[in-house]
Amino acid sequence: MKKVYATASEALDGLLHDGMLIAAGGFGLCGIPELLIDALVESGVNNLTVASNNAGVDDFGLGKLLVTRQIKKMMSSYVGENAEFMRQFLSGELQLEFNPQGTLAERMRAGGAGIPGFYTQTGVGTQIAEGKEVKTFKGKDYILEEGIFADLSIVKAWKADDTGNLVFRKTARNFNPPAAMCGKVCVAEVEEIVPRGSIDPDRIHLPGIYVHRLIQGEHEKRIEQRTIRKREEA
Amino acid sequence: MPWDRNQMAARAAEELEDGMYVNLGIGIPTLVANYVGDKDITLQSENGMLGMGPFPFEGEEDPDLINAGKQTITELARTSYFDSATSFGMIRGGKIAAAVLGAMEVSESGDLANWMIPGKLVKGMGGAMDLVAGVGRVVVVMDHTNKHGDSKVLKECTLPLTGKGVVDRIITNLGVLDVTHKGLHIVECADGVTRDGIVKATEATIV
């Protein structure tokens with residue numbers, strides 16, 4: 001069992017094909033698999049459908065794959081920070097399937113847990129419910145949402161051991177665990193690969209069973225909205 | 001004088017009770033955190049955090065620590081982190097007592113529209129649809145009218161809905177209104193604003 005690869009491109013070797021469905025972790029620019037996204041840009045793989053809460057910004061994260069027109073369709077909850085995304089969507093060049101954020105997270109989690117569908121109250125009576133089965137439980141309406149089964153998951157964690165056990169840091173965890181779970185193959189990038197046994201088993205956030213390939217690398221970790229308070233407010 | 005942004009936020013803070021777990025939306029709702037005083041309130045950030053602290057001091061920003069508005073924040077002694085599926089599990093599961101959200105339009109039956117303007121503005125619903133469907137109580141904070149002076153409190157929303165029949169209370173610059181089965185009920189008027197003033201500025205039915 002060798003999971004550790006030298007580079008992002010090597011870790012993706014043999015896993016890519018045009019038209020594939022990729023689930024990506026991250027929220028905004030926080031906890032995004034930036035090295036694997038760069039490797040996808042280099043690979044030239046095309047016609048992608050990407051399930052990810054956001055689509056990065058124009059020159060960072062998934063925004064890079066939009067600029068190169070490698071993405072055919074996004075499954076997202078929020079695209080407000082990305083001008084190129086808006087332009088491609090409004091001109092009809094890009095398909096966009098809006099998913100409520102919790103529905104997107106649960107669709108990934110469900111897919112990873114072998115659950116093809118679940119009922120939720122989220123979106124009942126809105127355009128999200130159009131075309132979806134409605135079922136009533138105890139007098140309340142719920143809509144059927146389907147699990148996401150991705151061809152590939154790309155995620156970012158803080159630390160890993162060589163067996164793929166992952167530890168995340170603060171709010172950079174976000175969509176990474178459910179995104180990792182729902183892929184047939186999951187590639188993770190981390191800031192540090194530590195020796196086996198050096199992570200307390202009780203502190204592992206995602207067990208290595210979900211992680212098939214692994215790289216370590218330098219991350220830019222760009223901040224989207226730098227907000228601070230003045231010292232005298234303390 | 002109608003309430004300003006800070007006065008609306010202060011009024012919204014009165015809705016929160018000691019011990020509550022609360023989710024605050026982007027914009028004026030974010031300001032509510034400044035007015036909770038001594039009340040023991042735990043703020044949820046739906047990207048995976050309970051116990052959200054204030055903005056960091058300069059030089060202490062952490063790219064791994066942001067709120068749902070992507071702003072840098074800090075943690076508190078009570079803070080916990082979790083993934084997005086768990087975060088929305090607690091929202092959908094009714095564990096969050098209240099959400100304070102902004103709105104583009106609200107209807108007299110409690111319909112809320114705050115996520116898109118067709119053909120013009122496509123941002124997405126983020127976690128708003130999950131929040132309004134799952135939390136115990138939904139309080140909307142917004143200006144009573146738009147920049148053209150048209151009422152944002154309507155008989156029926158014209159924009160795509162975020163949720164149907166989900167709003168419990170509306171706090172605007174003019175006052176506080178509750179959604180009831182018969183229509184909207186004026187609970188309170190802002191300083192210097194009359195009941196008539198609110199009725200005139202409102203397209204929805206007031207009972």
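In this text the structure is predicted, and so the values were computed from the model without any measurement.
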ask   = Any cation-pi pair here, B:Lys70 with A:Phe27, using under 6.0 Å and within 45°?
value = yes
request  = Please determine, among B:Val132, B:Thr79, B:Thr72, B:Thr162, the option with the most heavy-atom pairs under 4.5 Å with chain A.
outcome  = B:Thr72
ask   = Any salt bridge between B:Asp62 and A:Arg169, counting N to O under 4.0 Å?
value = yes
remark   = Taking a cut-off of under 4.5 angstrom between non-hydrogen atoms, the residues of residues 100-116 of chain B near chain A are B:Trp115, B:Met116
query = Distance from B:Met129 atom CE to A:Thr126 atom OG1, nearest 0.5 Å?
reply = 3.5 Å
query = Does any heavy atom of chain A fall under 4.5 Å from the side chain of B:Ala68, the backbone, both, or neither of them?
reply = both
ask   = How far apart are the C-alpha atoms of B:Met125 and A:Phe98, what are their side-chain angles, what is the distance that settles it, and do they pass the side chain to side chain contact (heavy atoms under 4.5 Å, CB included) test?
value = CA-CA 8 Å; B:Met125 70 290 287; A:Phe98 266 127; 3.6 Å; yes
note = When every non-hydrogen atom of A:Cys30 is compared with those of B:Pro63, the smallest separation belongs to SG-O, 3.4 Å
message = Does any part of the side chain of A:Glu191, heavy atoms only, come nearer than 4.5 Å to the side chain of B:Asp64, both counted from C-beta?
response = yes
key: Per-residue contact mode, B:Ile66 against chain A (heavy atom under 4.5 angstrom)   = both
key: Distance, nearest 0.5 Å, that separates CZ of A:Arg229 from OG1 of B:Thr74   = 5.5 Å
message = Evaluate A:Asn176 against B:Asp83 for side chain to side chain contact (heavy atoms under 4.5 Å, CB included), listing each step before the verdict.
response = CA-CA 7 Å; A:Asn176 283 296; B:Asp83 67 69; over 6 Å; no
note = Interatomic distance, OG1@A:Thr120 vs CG@B:Asp130, rounded to 0.5 Å, equals 6.5 Å
Contacting region of B:Thr86 [heavy-atom separation from chain A under 4.5 Å] = neither
request  = Using heavy atoms and a sub-4.5 Å threshold, report which of residues 36-54 of chain B line up against chain A, by residue number.
outcome  = B:Glu46, B:Asn47, B:Gly48, B:Met49, B:Pro54
query = Does a salt bridge link B:Glu60 with A:Arg231, judged by any charged N lying under 4.0 Å from a carboxylate O?
reply = yes
query = CG of A:Asn82 to NZ of B:Lys123: how many Å apart, nearest 0.5 Å?
reply = 11.0 Å
